[in-house]
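Numbering of residues begins at 1 and proceeds along the displayed sequence.
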Amino acid sequence: MVPYAMWLPCSLKFVTLQAFCIIEGPETVQDFDKMDIQEIQDNIRSRRNKIFLHMEEVRRLRIQQRIKSAELGISDEEQDGELPNFPSFIPFLPPLLELKLGIGGTSYADFISSMHLPMQLSDVDPIVASFSGGAVGVISALMVVEINNVKQQEHKRCKYCLGTGYLACARCASTGAIVLIDPVASANGGNQPLSPPKTERCSNCSGAGKVMCPTCLCTGMAMAIVALFPLCTLSSNDVLCKDDERQALLEFKHGLIDEADRLASWVGEKTDCCTWTGIVCDNSTGHVQKIHLSNNHCYTDEYSTAKEYEECFNQRLRGNLSSSLLHLKQLKHLDLSSNNFGGIQIPSFMGSFKNMRYLNLSRSRFGGSIPPQLGNLSELRILSLGSFHNAIFERELTSMSNNMHWLSSLHRLHHLDMSGVDLSKATDWLQVINTLPSLVELHLSHSSLSHTHIDIYPNVASLNLTSLAHLDLSDNYFINSSLPRWIFSITTLVSLDLSWCGFHHFYNPSSIDIFSNLTSVESLHVPDNPFMNYWLVLKGLSSHVGRNLISLDIRFCAVSSSVLDDALHNLTSLLSLDLSENELTKTIPKSLANLCNLRHVNLGGNHFSNTSLTSVLESFFECKLPRLESLSVGSSGLSGQLPYEIGRLTYLVDLQLGGNRFVGMIPDSIGRLSSLRSLNLQNNLISGPIPFSIGRLSSLEMLDLSDNQLNGSLPNGLGQLSKLVLLAFSNNRLTGSVTKSHFAKLARLKILLGAGNNLALRSHLANWIPSFRLRMLSLSCWDLGPQFPSWLQVYMDLVYVDISNTRISSTIPDSFWRSLPDLFYLDMSQNHIQGIFPARMIPASIQVLDVSSNEFGGLLPQLSNGNASSALILDLSNNSFSGSLRHLLCPNSEKVVAVLNLANNRLSGIIPDCWHKWPSLSFLNLENNNLSGRIPISLGSLSSLGSLNMCNNKLSGRLHMKNLTNLQILQLAGNELVGTIPAWFGRELPNLRILDVRSNNFYGDITHQLCNLTSIQILDLGDNNLSGNIPRCFKIFGFLTGKEANSKDQFNFSPFQDMDALGSASLVIKGREDTYSTILGLVMVLDLSSNNFSGQIPSELMDLKALRSLNLSRNQLTGRIPDKIGDLKLLESFDVSLNSLSGELPLNLSSLSFLSNFNVSFNNLTGRVPSSTQLQGFSESSFLGNKLCGHPLTKTCAVVAVARDQEEDKNGSHGADWGLIISIVSGLIAGFWAVLTPLILSTTWRIAYFGFLNKLSFSLKNSNLYLLNKPGSKRASKAKLGWFQGGVFGF
């Protein structure tokens, strides 16, 4: 409200006009005589607006004054006068009598009385009234409000001003000032700093920012007809709503299910339905015109807990839509979006509203076909039947039949949204859309459109979409389709979204004019469309669209740096550029755009190897004032140090640098980014301390420094970031103590992730009550003990808590559980927490509970409907729980638990037959307890079970579990099970990957049906009483042969993608027992040891080329070790000890380069140990009990003298030696002609040559003897001698 002092005269001596002035504001004083005629007119108009505002404010204050006075018993005489005390200009008359309205000399008060208007209007300040003139009385007469009716009329607010009496000034947007826009020079590439904009006072509202509401005339009340005379004024008891329409609305409510009581105001047969929630009536006729029952504030992806989503979900209306709405003849606007109508079909009566202009049924879970009767809504402008905001997460259930012609009747339609509606059968959709010339926006995202009916341009005679400005066809995957040309014929397009459409080609590969008609496009989003990788396409984009383009998104298009550098240029208007997830190897060229004007750049997911961030930002650093607001280059292979110049990007709001290989320290200049809201440096190699300058980032809301090599202590400056919502520095090397100062001003903090550091939050903060209310807390590996932190009990909003391995050794107070009613995730594992586990205190909301590796004792908790009823992961392993399983496994109702781990406790008794209560179980671990008895048959009913571990108990009897079709891991080792290996293993467990039944009492032959386990990768049948031959059909094990590739390193049975519930196996490999978990998927083992198998080792086992461990020891195997043992190139462990094998060790054992464990002891093997680095590296114990010799054994092999002819026979010298024959013949021919030719032609040569032969003949005999007796290859020696002799004899 503008103070009254603004209207007081500067001088009380009102003598001349020049002596009078008006104080307009704190900084401006203007005299009347300095104004021209136009300024005077503008001031009169604006001051009248302000007069009405002040009159209404005074009126309302007077009303409240009288109401308060009546409540306090204060009479009107006791109230102080409110009129300013100033002298009269006519000394002998009081001020009120000086105010004349120009109507027969009647005073203002007399005029109000004569008009039978409320007398409080006469109490308006006389100065204000004098400025208003005669018009004040007339306008004031329209403000009819009775004092005794104020509180009863509060709910009858004006629908336009919402009861305030004022509207925002449209000319200045309620700022009170108008910005003067001067042309901006484009010289120097926009590098010159912009001067601040100039403003002037808005003449429409005179700087007030608001004007009188013309509908309610400043009363703030809904007024139908207000006249000047009392006979025409509305009574306070008048009702605007029509009786039949009120009844229709009540019937409509009766068909709805309103759990949140949103329609609580829809009651009463006499109440005014125009005041009901979501109802808007015509102020003159009283007919209902609008029904607005949208629930748009509830979206699936905006909640941190399931409970929040459930609460919001309950806000959605359900039920049926009553046809009583047809009584609302004047209904123009119907919005039922974002509700949940459970798949019912859209009622056909919706097509009967002749005056309907706006219909929004999106995101409301309607189903079935869309009724064609909607085509009768000829006045419709906006039709929304899809999920425009979130089609992927909440797809519609509705579909369109193969006939869409009813849409052709909606000639006035300018907005159509069918995103998420199944249009797979609507092959005529383009022909129908082409009949809507007024259409401005078309949204068909995620509508199951396919390549079979996207390019139907030839079926359209001419394109009539002359008004279409926004086209969205995103998330319709047109496999290997050509880009339809009709899209690029729409000349009016401003926004085009083809995201995730998968167009591979464009209709004319030789043309660069693909964008020639889209000269008005400002926003182009085409991620995952490979056609954008063509040089011609990008060249055409630059030529025709480039200068107007503001936003460009070409993610996932396989664009290379060579194509980008050559084709894309001159995007001078570009503000937003997204080139992420492409094949860029170089930074973007300067010619691409005016980089100094770019606001948003995303280059993440590229391949900038050996590139520094300085190189990426070099062009921006050259700008005098870079305008960059968001920069993302995450996971792009960048290296080097963070540049100090990054502090020049002062407009940065969002900086994403995670997932690279940055080294060095965070520069202090980071503190200059005062506008920064989000900083992500996670998953790099950054070292050194966190700089204190980070504490100067006063706008920071998200800070992620996780997964680096930061050291030192936390800077106290972090506690000054008052807007911080997320703080993450997990998995670094930070040390020291954390104090209150680190959280001093973090009142908005919701997420604190600091796990994996050596930090301590000591018990001296036991009475600390933080100012923030966290949602997520992860302090794993901190020192929080030994007492349980009491400050955790004050967080009423925590949904995620990880305090594992934090040295807590006390009990958990009950108050901790009571303070966390919304807890979703709790990990307190690897501590020394004691006491009885308080199952009755566990919140019903919890879904992940891990208290493993503690010292809890007593009976297992009993899960009832009130505690942990929503738990999906329950890990109580490695504690001291005792007693029966029945307390936990036999609840009153079914459980939704997917992961149950009770391993390594002291549980005893039989396993109860209650597994039908656990239908969702996918992981069950009961190993290392004292359980006895038979395995219940009902375990076979767990069709979702993927891992079952009951090792090292005292279970007995035969196995009868079946129907475990999803089982991948079955571990029953270390029990007392009997019988043969069940044949149903091969029939009923098609997905089994790990079978471990070692150390039981199984007997008999291995059934050949076991070979049906083609996915097996670990088969351990060791330490039983099995007999017979080893099946040769093992060669069809797909994973072990390497013919089927293993796609994962580990087995994760968690129902959550970002949480682990890993399968594990304790295996005897390389002579020791180890537990494998994270790399279990890579372990390939065949163990048949300690049985009674006989016969030879099947050569078919040598086909298992992916095998890493083969153990056949302690059996009765005979024969030789297969010669193809060297084909098992990946073999790391080979044990055939304590059998009856004979013969020599195969020579190709030396080719097993990964062999680290080898044992052939106590067999009947003979001969020399093959020479290789691996075999000679094993100890002598690996070869004992045989007749072997050679290194590494101390027994040396005897040297056997072999006759020369026998040796030559071994070397293959007997028989025709074709090498010697060929060499003699070739030597004969060469020698003959090489010598004969010069001797025939030259006498001198003949004399010299015979002299040479005389000397050579004496040494020839000695040379023959030397070559024949020289060590080495006899064959090579004979070849050389033959060639030489052939030449001599040839001569």
Given Leu777 and Leu798, is the side chain to side chain contact (heavy atoms under 4.5 Å, CB included) satisfied, shown in steps? CA-CA 8 Å; Leu777 174 67; Leu798 274 171; 3.9 Å; yes
Dump the intermediate steps for salt bridge (Lys or Arg N to Asp or Glu O under 4.0 Å) on Arg748 and Glu701, then the final yes or no. CA-CA 9 Å; Arg748 298 186 181 181; Glu701 298 175 4; 5.7 Å; no
Side chain to side chain donor-acceptor pair (under 3.5 Å), that's the test. Do Asn680 and Gln656 meet it? Break it down for me. CA-CA 5 Å; Asn680 184 357; Gln656 303 292 324; 3.0 Å; yes
As a quick check of understanding, evaluate side chain to side chain contact (heavy atoms under 4.5 Å, CB included) for Met828 and Ile812, giving each step before the final call. CA-CA 10 Å; Met828 295 191 296; Ile812 304 176; 3.1 Å; yes
Verdict with reasoning, Ile1018 to Leu1080, per side chain to side chain contact (heavy atoms under 4.5 Å, CB included): CA-CA 10 Å; Ile1018 298 177; Leu1080 184 58; 3.9 Å; yes
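Asp553 places no side-chain N or O within 3.5 Å of a backbone atom of Val526 that could act as its donor or acceptor partner. A distance-only check finds no donor-acceptor pair linking the side chain of Asn716 to the backbone of Leu718 [under 3.5 Å]. Checking side-chain atoms of Arg775 against main-chain N and O of Asp797 turns up a donor-acceptor pair under 3.5 Å. Under a 3.5 Å cut-off, the side chain of Ser669 and the backbone N or O of Tyr644 do form a donor-acceptor pair. The closest donor-acceptor contact from the side chain of Asn606 to the backbone of Ser636 lies at 3.5 Å or more, if one exists at all. The main-chain N or O of Ser474 is found under 3.5 Å from a side-chain atom of Ser445 such that the two form a donor-acceptor pair. Under a 3.5 Å cut-off, the side chain of Ser845 and the backbone N or O of Leu823 do form a donor-acceptor pair. A donor-acceptor pair under 3.5 Å is formed between the side chain of Ser699 and the backbone N or O of Ser674. Between the side chain of Asn529 and the backbone N or O of Phe503, at least one donor-acceptor pair lies under 3.5 Å. Not a single donor-acceptor pair under 3.5 Å links the side chain of Ser780 to the backbone N or O of Gly756.
With contacts defined as side-chain heavy-atom distances shorter than 4.5 Å, the pair Leu774/Leu749 qualifies. Using a 4.5 Å cut-off on side-chain heavy atoms (C-beta onward), Leu752 and Phe729 make contact. Here the side chains of Asn582 and Phe556 are not in contact, with every heavy-atom distance at 4.5 Å or above. Side-chain contact between Ser639 and Phe662 is absent, with no heavy atoms from C-beta onward closer than 4.5 Å. Considering only heavy atoms from C-beta on, Val633 comes within 4.5 Å of Leu657 through its side chain. No side-chain heavy atom of Asn732 sits under 4.5 Å from any side-chain heavy atom of Ile686. By the 4.5 Å heavy-atom criterion applied to side chains, Ile751 and Val725 are not counted as neighbours. Side chains of Leu900 and Asn925 form no contact here, defined as non-hydrogen atoms less than 4.5 Å apart.
Ring orientation note: the planes of Tyr825 and Tyr800 are close to parallel, at an angle under 30° on the 30°/60° scale.
Taking CG from Asn731 and CG from Asn708, the interatomic distance works out to 10.0 Å, rounded to the nearest 0.5 Å. The CG atom of Leu498 sits 11.5 Å away from atom CG of Asp528, with the distance rounded to the nearest 0.5 Å. Note: Ile550 CD1 to Asn597 CG = 11.5 Å, rounded to the nearest 0.5 Å. To the nearest 0.5 Å, atom CD1 of residue Ile554 and atom CG of residue Asn533 are 9.0 Å apart. In this structure, Ile666 CD1 and Leu710 CG are separated by 5.0 Å, a value rounded to the nearest 0.5 Å. For the atom pair CG (Leu524) and CG (Leu541), the distance works out to 6.0 Å, reported to the nearest 0.5 Å.
Partner of His600 under the side chain to side chain donor-acceptor pair (under 3.5 Å) criterion, out of Ser551, Ser630, Ser576: Ser630 alone. Of the candidates Asn878, Asn805, Asn831, Asn904, Ser853 forms a side-chain contact (heavy atoms from CB on, under 4.5 Å) with just one, namely Asn878.
Salt-bridge formation is not detected for the pair Arg555/Glu581: no Lys NZ or Arg NE/NH1/NH2 atom is positioned less than 4.0 Å from an Asp or Glu carboxylate oxygen. At a threshold of 4.0 Å, the pair Lys586-Asp565 counts as salt-bridged, since one of the basic side-chain nitrogens sits closer than that to a carboxylate oxygen.
Heavy atoms of other residues, nucleotides or ligands lying less than 6.0 angstrom from NZ of Lys750 number more than 12. Within 6.0 Å of the CZ atom in Phe621, the count of heavy atoms belonging to other residues, nucleotides or ligands exceeds 12. Within a 6.0 Å radius of NE2 in His832, no more than 12 heavy atoms belonging to other residues, nucleotides or ligands are found. Around the CG atom of Asp566, the shell of radius 6.0 Å holds more than 12 heavy atoms that belong to other residues, nucleotides or ligands.
By the 6.0 Å and 45° rule, Arg993 does not stack over the aromatic ring of Phe1051.
Note on residues 671-691: no pairs pass salt bridge (charged side-chain N to carboxylate O under 4.0 Å, His left out), not counting sequence neighbours.
Donor-acceptor pairing under 3.5 Å is recorded for the side chains of Ser580 and Asp578.
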